[in-house]
Enquirer: 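What follows is a structure written as structure tokens; I'll ask about it next.
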Amino acid sequence: MPSTDLAHGDALPTAMLDRGAVALIGGGPGALDLITVRGLSLLRQADVVIVDRLGPVGLTALLGPEVEVIDVGKRPGAHTVRQDGIEELLVRKAHAGHRVARLKGGDPFVLGRGGEEVLACRAAGVPVQVVPGVTSAIAGPTAGDVPVTHRGAAVALHIVNAHGDLGPADLAALRDPGTTTVLMMGVEWLPRLVEQSLLNGVDPSTPVAIVQSATLTDQRVVHGTLATIERVAADAEISHPAVITVGRTAAAGFLDTSASGTALRGPGREAPAVERARPAAIAASAPVLIGCAHGTRSREGRDVVRAILRRIGELVPGIPVREAYVDVQSPDVADAVADLSVPAPDVRTREDDAAPAAVVVPLLLSTGFHVNQDIAAAVTGRDAAAGAPLGPDPRLAEVMAQRLAEAGTHSEDAVVMGVVGTRDPAGQAMAHEMGRVLARRLGREVSVGFLAAASPTVAEAVASRRAAGARRVVVANYLLAPGQFTSQLEDAGADLVAAPLGDHPLVAEIAVDRYEATLGA
């Protein structure tokens, strides 16, 4: 873009910005020249410009001195102005009679919260016009020589806000060889994104490209595969802002004339190269191990469960490991089993004595509704089987003893083992048996308290030990991972609460044992 005084430059095609109105102007991923002629025309008329960090901020230096420029840029973990504050600022400046330009990076309606700002203005009676921009979801990969579509290789584009867990549609797109998936705002989440993808059947060899600071002078591009990109990005010290592209076109050298990618032809998804793969369980040489946990809204809890599943995979190389849940999270165990197995035949033959396609290992500590109903229903009528829960097991007592020691407990402390709880008498009996196993490991009495569905409660068990003269009462945490019950344990009145079982080698070892026992190994 030529250097010019934006306030007094040559006339541009008519685009009017009235007083008391807002123009929401899209830009591009950081480059000065990525703004439309209409956007430039409106920007010239503004007397207040509210600008994002990743917008074409170089333009503001060319505005007249009478223009008020307000920086509301957001950086990961550091927001100069919260979103509701930005919306209030737009309305306040417009109501004061100003011509307001909201200069954004990328397209305002592609993960830019532009819709929220339009709604806030219109709800306050402020007229708004929107100027499309160039989203970094497309411009970022393009700047790094990564086409998001390519005839015969990629016929669909899926854009994801990757600042969190991937959803079912995101995972389906990642599994589809004919779809390019662009992950936005995902650099800090890269280890989680990789782990969740691999635990949901995305091919580890899928190409990945990361473009950092797209279109800027310090732009960098790295390539890898889903299995290697975490290490590649760490070695290259890749940081935000960056766009992650996953799919065939993200392969290094895809547009080199010597690369096979340029020779791809065909109508697209109908080509044999992009046909849907057979279920992993059917193609695998060993039954898939589906680790089925309860599910949690706790980010830390989700990380712990997936770390356990990763550790399980390290213990059984060559055996596919997948994740599933009975509540809160996806994939649901029934959906996971259905995706990884086929219906079982009504009449079994001698050949049907072969191993099932999938084995569900409950990452649950005792039997109960989820084991007897959810998991049992998931495998019924399928070429699949279910293993036993993790507890009771002496190795879990060893893990709890370690967690108690890490928390700073002493040999004279009274111990209450905190259990989630179940209405199932067999599940309650398993919890009490685990308490006896822990008592033998610690060499002292252990009381059992439940957080729900059974008695005594953890609080009642803690109070009982105090009433019996205990100077200090500690809770042995018989939960797999942090979640909704963590705060209840902390509120039970104990002097100290140990950490949950968590990502521990012995927990993974027990899960592998349950898998092998189900197969008769």
Side-chain angles (χ1 to χ4, degrees), residues 1-74 80-81 86-87 89-122 126-143 184 213-219 241 243:
M1 175 173 295
S3 296
T4 182
D5 183 342
L6 295 183
H8 304 97
D10 294 336
L12 291 170
T14 302
M16 295 301 297
L17 179 57
D18 297 329
R19 291 195 176 277
V22 171
L24 195 62
I25 303 172
L32 175 63
D33 58 348
L34 290 182
I35 186 171
T36 66
V37 171
R38 179 183 169 211
L40 179 56
S41 175
L42 293 168
L43 187 62
R44 282 178 168 177
Q45 302 170 52
D47 41 38
V48 175
V49 177
I50 300 172
V51 64
D52 278 349
R53 175 175 68 105
L54 299 179
V57 293
L59 291 173
T60 61
L62 304 177
L63 294 169
E66 73 282 2
V67 179
E68 181 183 8
V69 178
I70 303 173
D71 180 5
V72 294
K74 297 176 182 177
T80 56
V81 183
I86 294 173
E87 294 163 10
L89 180 62
L90 288 169
V91 170
R92 176 160 49 84
K93 290 295 184 179
H95 280 170
H98 296 295
R99 299 184 182 96
V100 182
R102 174 73 169 105
L103 189 57
K104 300 184 72 69
D107 188 272
F109 286 175
V110 180
L111 301 177
R113 295 191 171 181
E116 297 175 37
E117 294 174 7
V118 169
L119 287 170
C121 288
R122 289 178 178 167
V126 175
V128 184
Q129 55 181 305
V130 180
V131 181
V134 181
T135 175
S136 58
I138 296 174
T142 298
M184 305 290 290
S213 301
T215 76
L216 299 177
T217 56
D218 59 342
Q219 173 180 305
V243 179

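Scope of the values below: all heavy atoms of this structure, side chains included, with no hydrogens, waters or symmetry mates. Numbers for residues simply follow the sequence, beginning at 1. Since we're looking at a predicted model, the values are computed, not measured.
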Enquirer: List for me each residue that meets side-chain hydrogen bond (donor to acceptor under 3.5 Å, both in side chains) alongside Glu116, sequence neighbours excluded, and say none if there are none.
Expert: none
Enquirer: The criterion is side-chain hydrogen bond (donor to acceptor under 3.5 Å, both in side chains); which residues satisfy it with Glu87, sequence neighbours excluded?
Expert: Gln83
Enquirer: I'd like to check the side chain to side chain contact (heavy atoms under 4.5 Å, CB included) partners of Ala46; sequence neighbours left out, ordered by chain and number.
Expert: Leu17, Val49, Ala101
Enquirer: Check Leu63 against Val67 and note the closest heavy-atom contact, atom names and distance.
Expert: CD1-CG1, 3.9 Å
Enquirer: Between Gln45 (side chain) and Arg99 (backbone), is there a donor-acceptor pair under 3.5 Å?
Expert: no
Enquirer: Give the minimum heavy-atom separation between Val91 and Cys121, together with the two atoms involved.
Expert: CG2-CA, 4.1 Å
Enquirer: Under the criterion side chain to side chain contact (heavy atoms under 4.5 Å, CB included), which of Val243, Asp107, Leu111 is the partner of Thr135?
Expert: Asp107
Enquirer: Side chains of Asp52 and Val72: does their closest heavy-atom pair fall under 4.5 Å?
Expert: yes
Enquirer: Check salt bridge (charged side-chain N to carboxylate O under 4.0 Å, His left out) between Arg92 and all other residues, then give those that pass, not counting sequence neighbours.
Expert: Glu88
Enquirer: How far does CD of Gln129 sit from CD1 of Ile25, to the nearest 0.5 angstrom?
Expert: 8.0 Å
Enquirer: Looking only at heavy atoms, what is the nearest atom pair of Val130 and Arg38, with distance?
Expert: O-NH1, 3.3 Å
Enquirer: Can you tell me how far apart CG (Leu103) and CG (Asp71) are? Round to the nearest 0.5 Å.
Expert: 11.0 Å
Enquirer: Out of curiosity, Glu117 CD to Lys104 NZ, how far, rounded to the nearest 0.5 Å?
Expert: 4.0 Å
Enquirer: Could you measure the distance from the CG atom of Leu43 to the CZ atom of Arg102? Nearest 0.5 Å is fine.
Expert: 13.0 Å
Enquirer: Ignoring hydrogens, what is the shortest heavy-atom contact between Pro108 and Leu24? Give both atom names and the distance.
Expert: CB-CD2, 3.9 Å
Enquirer: Name all residues meeting the side-chain hydrogen bond (donor to acceptor under 3.5 Å, both in side chains) criterion together with Arg19; count only those two or more places apart in sequence or in a different chain, and write none if there are none.
Expert: Asp47
Enquirer: What are the two closest heavy atoms between Ser136 and Met184, and how far apart are they?
Expert: OG-CE, 3.1 Å
Enquirer: For residues Val131 and Leu42, determine if any side-chain heavy atom of one lies less than 4.5 Å from a side-chain heavy atom of the other.
Expert: yes
Enquirer: State the NZ-CD1 distance between Lys93 and Ile70, to the nearest 0.5 angstrom.
Expert: 4.5 Å
Enquirer: Looking only at non-hydrogen atoms, find the nearest pair between Val100 and Ala94 and report the distance.
Expert: CG2-N, 3.8 Å
